Amino acid sequence: MAVMLLAGMILLFSLPCVPDRASGAAPASAPLSEATQACIDCHQDLHPGLVADWRAGRHAKTAPGTALERAEGERRISAASVPPALRSVAVGCYECHSLNGSAHKDNFDHAGYRINIVVSPRDCETCHPTEVKEYSGSKKAHALANLESNPVFMCLVEAVDALKGSKGGKEAPIKASEATKDETCYACHGTQVEVTGRKTVSTDAGEMEFPELRNWPNQGVGRVNPDGSLGACTSCHPRHRFAIGVARRPYTCGQCHLEPDVPAFDVYHESKHGNIFSSSGGEWNFDNVPWVAGRDFFAPTCAVCHGSLLATTNGTPVAARTHDFGSRPWVRIFGLIYSHPQPKSGMTFLIRNKDGLPLPTAFSGEPAAPFLIDKDEQAARLDRMKGICRSCHTSGFTDGHFTKFAASVAEADRMVLAATLLLQGAWDAGLADKSNPFDEGIELKWVREWLFYANSVRFGSAMMGPDYATFKHGWWDLTDNIAEMTDLIRLKQDKGINCPCPSSPPTPR
Amino acid sequence: MAVMLLAGMILLFSLPCVPDRASGAAPASAPLSEATQACIDCHQDLHPGLVADWRAGRHAKTAPGTALERAEGERRISAASVPPALRSVAVGCYECHSLNGSAHKDNFDHAGYRINIVVSPRDCETCHPTEVKEYSGSKKAHALANLESNPVFMCLVEAVDALKGSKGGKEAPIKASEATKDETCYACHGTQVEVTGRKTVSTDAGEMEFPELRNWPNQGVGRVNPDGSLGACTSCHPRHRFAIGVARRPYTCGQCHLEPDVPAFDVYHESKHGNIFSSSGGEWNFDNVPWVAGRDFFAPTCAVCHGSLLATTNGTPVAARTHDFGSRPWVRIFGLIYSHPQPKSGMTFLIRNKDGLPLPTAFSGEPAAPFLIDKDEQAARLDRMKGICRSCHTSGFTDGHFTKFAASVAEADRMVLAATLLLQGAWDAGLADKSNPFDEGIELKWVREWLFYANSVRFGSAMMGPDYATFKHGWWDLTDNIAEMTDLIRLKQDKGINCPCPSSPPTPR
Amino acid sequence: MAVMLLAGMILLFSLPCVPDRASGAAPASAPLSEATQACIDCHQDLHPGLVADWRAGRHAKTAPGTALERAEGERRISAASVPPALRSVAVGCYECHSLNGSAHKDNFDHAGYRINIVVSPRDCETCHPTEVKEYSGSKKAHALANLESNPVFMCLVEAVDALKGSKGGKEAPIKASEATKDETCYACHGTQVEVTGRKTVSTDAGEMEFPELRNWPNQGVGRVNPDGSLGACTSCHPRHRFAIGVARRPYTCGQCHLEPDVPAFDVYHESKHGNIFSSSGGEWNFDNVPWVAGRDFFAPTCAVCHGSLLATTNGTPVAARTHDFGSRPWVRIFGLIYSHPQPKSGMTFLIRNKDGLPLPTAFSGEPAAPFLIDKDEQAARLDRMKGICRSCHTSGFTDGHFTKFAASVAEADRMVLAATLLLQGAWDAGLADKSNPFDEGIELKWVREWLFYANSVRFGSAMMGPDYATFKHGWWDLTDNIAEMTDLIRLKQDKGINCPCPSSPPTPR
């Protein structure tokens with residue numbers, strides 16, 4: 001008896017005591033396909049951590065056929081049916097790395113199997129079509145084209161990433177390299193992963209030939225895969241475990257949505273919601289579907305408001321799941337000069353403002369209305385979001401918050417306009433050259449005003465993180481930066497204006 | 001037998017395995033009052049997360065009468081007795097939201113009950129009078145008046161928060177809006193929550209009338225409540241669980257005490273204490289009263305040094321609990337130009353320095369001594385703080401630390417003085433206009449010197465976070481900022497001085 | 001029966017449910033020596049947290065003789081044998097604080113025992129000789145001399161830490177104080193702890209005499225101890241528990257390796273590895289030896305790549321343990337102007353570049369090759385590091401990553417060169433004075449270029465933290481800072497150049 005108790009205790013101690021595993025019904029086990037077993041026979045030794053990570057996840061324990069049997073609200077698979085070959089085996093190496101081979105330029109013969117190096121959303125679509133469809137229309141899926149097909153943004157990318165030589169005291173920009181773009185903007189936005197040829201690698205199993213990939217590795221949200229599909233599910237569901245509990249934690253979004261340009265994670269971390277998550281999130285269940293406020297979690301994470309399927313304990317829906325994360329918010333508060341209604345399409349490079357530029361507002365702030373959702377859609381989305389808030393807050397509390405948020409966003413926009421007018425004045429006075437709006441000191445200060453400081457105010461307001469609204473890149477910097485722009489303009493002006501040197505012209509660089 | 005063991009294991013797994021719940025005696029259960037049950041009957045569906053959060057807390061499981069039975073050192077309630085109606089029921093919705101109705105301008109008739117929207121410290125005082133009394137005298141309770149009744153600080157608030165138009169190249173400040181103040185300074189300091197009228201809201205239960213609140217929601221520490229009382233216990237005890245374990249974790253203080261102006265959380269996080277908390281805090285007990293070093297926790301959090309009731313395992317007191325968090329420290333190291341002895345009163349707006357300004361020091365650093373604690377009180381407080389340190393450190397270690405701290409604080413003050421003299425020189429030379437000391441570039445740099453950089457050095461020293469004392473806003477920035485001030489002054493000067501333009505006067509803006 | 005089950009459950013709940021304790025075999029208990037028992041008899045009351053911390057650690061439960069019995073790969077002790085007196089008792093107060101007394105200037109008579117205040121690596125060497133030997137040759141062990149014996153670095157230390165007076169508008173630097181150096185640079189690099197005399201302290205046990213220490217407390221990695229040895233094992237193994245699990249968590253490295261100068265922790269935190277650690281690290285085992293990817297951890301922490309003994313589940317070695325943390329990387333990416341091959345010796349103050357300066361590169365970037373590892377050693381180290389990556393990643397993924405890393409490091413170096421040429425131009429034009437390269441505004445901007453911004457790009461690339469490579473001190477700042485340097489130089493120049501004032505000479509400060 002005591003022995004049994006002891007045995008039970010040892011068993012308990014050998015299992016990590018974490019909610020993710022403890023929660024819900026234990027996933028059923030599932031047999032491995034012969035092909036997957038063959039993969040594991042070698043890769044277990046070559047990449048033991050990779051294989052163990054997969055084994056710890058749901059894919060290793062569940063056959064899609066079993067997954068289909070769950071009640072609809074609890075299903076983690078959106079296909080109505082799955083191909084027979086996949087139905088009764090675990091979702092293993094071969095099941096994912098062999099799909100749609102003919103579309104995959106990275107498909108190759110590997111130890112007798114046809115394998116793709118990169119698993120793409122089009123492959124995941126086999127079992128998760130709704131998620132892939134939602135995602136495919138999102139700004140995230142088009143994140144690379146939204147840079148590369150937008151000449152204004154590419155001008156900023158180049159301005160930031162280009163090597164600057166110095167020749168006779170003048171900066172001499174050199175075109176930004178692929179490596180630097182891959183490790184900066186495209187690390188989050190995604191690279192175009194291309195097969196450039198074949199290479200021979202000597203392995204423990206002798207010489208083997210593999211496709212050679214360019215702009216790889218990358219897990220950017222808008223990655224262009226060798227099969228032409230867009231996105232990388234591993235952006236948020238790393239790496240071979242694909243744990244929903246990781247995607248639901250704020251650290252996942254915090255890989256890219258970070259200060260100074262998009263301080264979403266940072267603001268959340270210092271908010272009351274973030275405090276509650278950090279203080280007591282260890283007790284929560286990040287794995288349950290649907291996800292229930294007051295049962296599974298006690299304060300929202302990013303996923304709660306922006307994507308997850310939410311319900312009450314008695315099953316009443318609170319919010320539908322979406323993988324188009326731009327479809328919940330009504331206003332877009334980062335990334336661009338002024339806030340504006342969310343774009344209708346995820347392909348923002350198609351937008352044209354009244355001046356013909358691919359931007360959702362004019363320099364004056366006027367929105368490119370035909371490309372943006374209208375007031376009714378904005379109102380409907382705000383109302384849906386308030387429904388999520390009301391899980392824990394009264395309508396008075398909720399309404400009060402969003403009223404202040406709207407005012408804050410409008411005021412941040414007005415500060416940006418003040419900075420824009422200052423820059424316009426400097427351009428008009430010949431103190432800076434507007435042909436490239438991103439490559440001089442005064443211009444970079446202007447970019448800071450909207451890309452860093454106004455964004456911080458907007459996020460600080462949206463999620464109640466007052467430090468970011470105040471001193472950490474917020475109103476303090478909105479103000480200080482305008483003072484610095486003013487000083488710089490005067491110093492450049494005064495030289496010409498205050499000296500009795502009527503013939504000396506303004507000296508733009 | 002095996003079945004029973006299995007049952008035990010399932011039970012174990014269905015409980016979150018966290019110290020907060022596992023520790024201490026399980027709270028007794030308590031019946032709900034009829035009124036609270038009526039609240040829950042509706043609000044359970046309307047705001048399930050809110051109700052579940054409350055259910056998870058001690059208030060839902062303990063009747064105050066039972067709480068009074070605990071031994072004194074372990075009591076979580078400071079009243080000698082509680083009103084009969086509250087004695088035998090759980091501390092539920094109605095018990096808190098119905099107190100002192102006649103004082104509450106937000107009191108209203110709601111489904112047959114008189115309810116207050118906002119629960120205030122005066123209401124909490126019913127069971128927690130000692131805590132409320134301590135808090136009421138603190139700087140935190142007066143945090144709003146300490147801004148609004150101090151014209152110097154309001155000048156800074158306005159300078160930071162005002163919209164700046166740009167008219168003919170000149171900044172044209174516009175008065176800061178209520179919304180922006182609410183989301184910046186007043187988010188932490190507290191707003192004045194006012195009832196502006198009534199509004200009709202359509203709810204699932206038909207149309208209902210509610211009081212309409214202004215400057216709401218807010219959980220700032222100095223919130224002025226509709227009953228006139230000061231503070232919001234939810235600042236640190238969120239939201240309906242009121243868990244002591246949340247208040248004792250550093251994330252709570254980290255909602256407001258953050259870089260760049262008050263980098264307390266940030267310095268702690270990178271200190272050795274913070275490392276130990278982050279690495280092993282998951283094992284600690286954040287719920288026990290009294291709180292015992294070496295049993296419950298193994299490195300201090302903010303609460304250990306600044307508020308909690310501490311004792312040794314055998315019950316010897318180490319520190320008395322206080323909710324006047326300014327009563328433990330001997331020196332005030334943030335918020336103002338120079339460090340200075342802690343103010344005697346929480347109402348700092350009453351202070352007058354030798355120049356008649358409501359500041360605890362003169363511009364030269366000279367303290368407004370009559371308003372500040374004296375050397376004896378400082379020594380007594382330092383000695384008490386050292387007693388806490390000696391729970392884990394020898395007296396030699398402790399003394400060595402505080403000797404260095406005193407030197408660091410003094411040197412940071414001297415750097416601020418250097419910056420102040422530079423600014424004074426700029427004012428005297430007409431390069432800036434001292435009528436508003438917070439609205440020009442050179443002035444904002446001076447503010448950075450004390451509000452960001454000297455504060456970082458002081459906190460970095462106080463809690464041994466060397467990065468903040470060195471490169472992250474510390475000595476590096478103290479120095480670099482003075483170099484920038486020097487450059488800016490020279491550039492403005494040189495124009496007049498080095499050109500043979502005797503008639504051109506200095507050109508202040 | 002049910003009682004026993006209940007008892008088991010209570011026992012379970014009274015134990016913190018954390019991997020560190022749950023994992024591995026329970027450490028054997030060990031008797032205390034008579035001397036240690038005497039220490040505890042008093043210090044248990046005086047410093048209960050200190051004693052409890054020790055009790056919670058492995059030292060309190062294991063006699064070295066027992067530790068020697070473990071299989072080699074699992075041993076936590078590297079001595080072949082230990083002195084008889086230590087063999088059969090727990091590693092207690094007296095066992096550590098009494099070693100090598102004659103070498104310890106801080107040795108003193110204390111309640112009938114000869115005690116050292118400071119336990120040094122030379123003392124730890126008794127049981128851990130391999131670790132101490134490795135560490136002793138490292139840059140960390142020599143971190144103090146690497147500053148103090150390098151006049152270039154001391155010039156920077158002084159420039160940052162010196163008090164700046166302001167006399168007639170001119171900065172008047174005063175020598176940096178010992179306290180400020182102790183709390184800034186030397187807090188991480190280590191102080192020279194010296195015995196300055198004796199002091200009498202009144203204690204609960206009456207008046208006692210203790211050695212008086214200078215530059216104490218300190219746990220810097222290159223601390224010079226009163227026995228002349230270098231380092232503080234408590235830098236990474238705090239405080240009396242010496243838990244391996246703390247050293248293996250990133251918070252330990254994050255005490256010093258922090259933005260803006262060494263953003264290793266920060267980049268890790270936002271990387272995918274960091275996300276996985278933050279999201280699921282609570283499930284991992286940080287205590288097992290050897291440490292196994294896929295069994296104990298599922299993403300690397302700092303220790304995995306830079307120090308820990310790694311093996312596969314079947315015991316195949318992946319990486320040997322090292323306490324010379326510079327011996328794994330092939331390139332040094334922080335601390336100096338340009339990246340360069342790792343130094344051969346930990347005593348970097350011995351390096352001389354082609355201009356005779358104690359720097360690993362010239363101002364042009366040319367490496368001081370004779371003092372740095374050669375290409376073969378670099379290749380061997382890179383290959384070993386890739387072996388660690390391949391625990392979870394394919395060779396194609398791994399190779400792709402390091403190819404981009406090499407390109408990023410090279411480009412960051414070229415940006416630094418651009419800034420260096422700008423500064424050189426300013427010096428040549430008399431706009432700044434090169435006699436001290438660290439004390440003027442333009443010079444501090446140049447330091448930012450390499451010490452903050454190029455370092456951020458390099459770390460952002462090394463660990464895939466794109467925000468640091470892009471906007472958070474990365475390429476954005478590399479670029480913006482060059483624009484600011486350019487503006488400052490032009491403003492200083494223009495005054496002389498554009499005015500018809502041929503006789504006015506350049507006016508360096």
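All figures in this text were calculated on a predicted structure; none of them were measured in a lab.
- Atom OG1 of B:Thr486 and atom CD of C:Glu440 lie 10.0 Å apart (nearest 0.5 Å).
- Ranked by heavy-atom pairs shorter than 4.5 Å toward chain C, the options B:Ser461, B:Cys389, B:Gly474, B:Gly274 are led by B:Ser461.
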Going through the checks in order, is the side-chain contact (heavy atoms from CB on, under 4.5 Å) test met by C:Arg241 and B:Ile276?
CA-CA 11 Å; C:Arg241 190 183 302 202; B:Ile276 295 170; over 6 Å; no
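- Here the side chains of C:Val447 and B:Trp476 are in contact, with some heavy-atom distance below 4.5 Å.
- Your options are B:Ser408, B:Ala426, B:Gly425, and the one with the most heavy-atom pairs under 4.5 Å with chain C is B:Ser408.
- A pairwise comparison of heavy atoms in B:Cys392 and C:Gly49 identifies SG-CA, 3.6 Å as the closest pair.
- Contacts of C:Ile117 with chain B are absent, with no heavy-atom separation under 4.5 Å from either backbone or side chain.
- Using a 4.5 Å heavy-atom threshold, the side chains of B:Thr394 and C:Leu46 count as separate.
- When all heavy atoms of B:Lys404 and C:Pro217 are compared, the pair lying nearest together is NZ-O, 2.8 Å.
- Contact of B:His269 with chain C is made through the side chain alone, with heavy-atom distances under 4.5 Å.
- Of the charged side-chain nitrogens involved, none lies within less than 4.0 Å of a carboxylate oxygen, so that B:Arg458 and C:Glu183 do not count as a salt-bridged pair.
- Chain B forms the most heavy-atom pairs under 4.5 Å with one residue out of C:Leu213, C:Leu488, C:Val201, and that residue is C:Leu488.
- In this structure, CG on C:Leu163 lies 9.0 Å from CD1 on B:Ile482, to the nearest 0.5 angstrom.
- Rounded to the nearest 0.5 angstrom, C:Lys199 NZ and B:Ser395 OG are separated by 6.0 Å.
- Contact annotation for C:Glu178: neither backbone nor side-chain heavy atoms come within less than 4.5 Å of a heavy atom of chain B.
- Heavy-atom contacts from other residues, nucleotides or ligands closer than 6.0 Å to CZ of B:Arg414 number 12 or fewer.
- Atom OG1 of B:Thr479 sits about 10.5 Å away from atom CG of C:Asp439, to the nearest 0.5 Å.
- Among B:Ala406, B:Ala293, B:Pro466, the residue with the largest count of heavy-atom pairs under 4.5 Å with chain C is B:Pro466.
- Heavy atoms closer than 4.5 Å to chain C are found in the backbone of B:Phe405, but not in its side chain.
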Please lay out, stage by stage, how C:His47 and B:His393 fare under the test side-chain contact (heavy atoms from CB on, under 4.5 Å).
CA-CA 7 Å; C:His47 313 295; B:His393 297 289; over 6 Å; no
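- If you take CZ on B:Phe397 and CG on C:Asn218, they are separated by 9.0 Å, rounding to the nearest 0.5 Å.
- Side-chain atoms of C:Lys164 do not come within 3.5 Å of backbone N or O of B:Ala419 as any donor-acceptor pair.
- For the pair B:Lys272 (side chain) and C:Ser235 (backbone), a donor-acceptor distance under 3.5 Å is present.
- For the atom pair CD1 of C:Ile442 and CG of B:Asp487, the computed distance is 8.0 Å after rounding to the nearest 0.5 Å.
- Between chain B and the options C:Pro238, C:Ala179, C:Gly254, heavy-atom pairs under 4.5 Å are most frequent for C:Pro238.
- Scanning both residues, C:Trp216 and B:Gly396, for their nearest heavy atoms gives CD1-O, 4.3 Å.
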Between B:Glu411 and C:Ser177, does a side-chain contact (heavy atoms from CB on, under 4.5 Å) hold up when you go through it step by step?
CA-CA 9 Å; B:Glu411 291 194 36; C:Ser177 77; 2.3 Å; yes
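- Minimum interatomic distance between C:Pro260 and B:Phe471 (heavy atoms only, all atoms of both residues): CG-O, 3.5 Å.
- Looking at C:Thr184, its side chain never comes within 3.5 Å of a backbone N or O of B:Ala469 through a donor-acceptor pair.
- With respect to chain B, the highest number of heavy-atom pairs below 4.5 Å among C:Pro250, C:Pro48, C:Ala187 belongs to C:Pro48.
- Proximity to chain B (any heavy atom under 4.5 Å) is restricted, for C:Phe265, to the side chain, taken from C-beta onward.
- Heavy atoms closer than 4.5 Å to chain B are found in both the backbone and the side chain of C:Leu444.
- Using a 4.5 Å cut-off between heavy atoms, C:Leu451 touches chain B through its side chain atoms alone.
- With a 4.5 Å cut-off on non-hydrogen atoms, C:Thr234 touches chain B through its backbone but not through its side chain.
- Only the side chain of B:Thr312 comes within contact range of chain C, judged by heavy atoms closer than 4.5 Å.
- Proximity to chain B is absent for every atom of C:Ala176, based on heavy atoms less than 4.5 angstrom apart.
- The shortest distance between side-chain heavy atoms of B:His273 and C:Arg239 does not fall below 4.5 Å.
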Report the C-alpha distance between B:Met464 and C:Gln255 in whole Å, list the side-chain angles of each, state the deciding distance to 0.1 Å, and finish with yes or no for side-chain contact (heavy atoms from CB on, under 4.5 Å).
CA-CA 10 Å; B:Met464 293 183 165; C:Gln255 296 176 133; over 6 Å; no
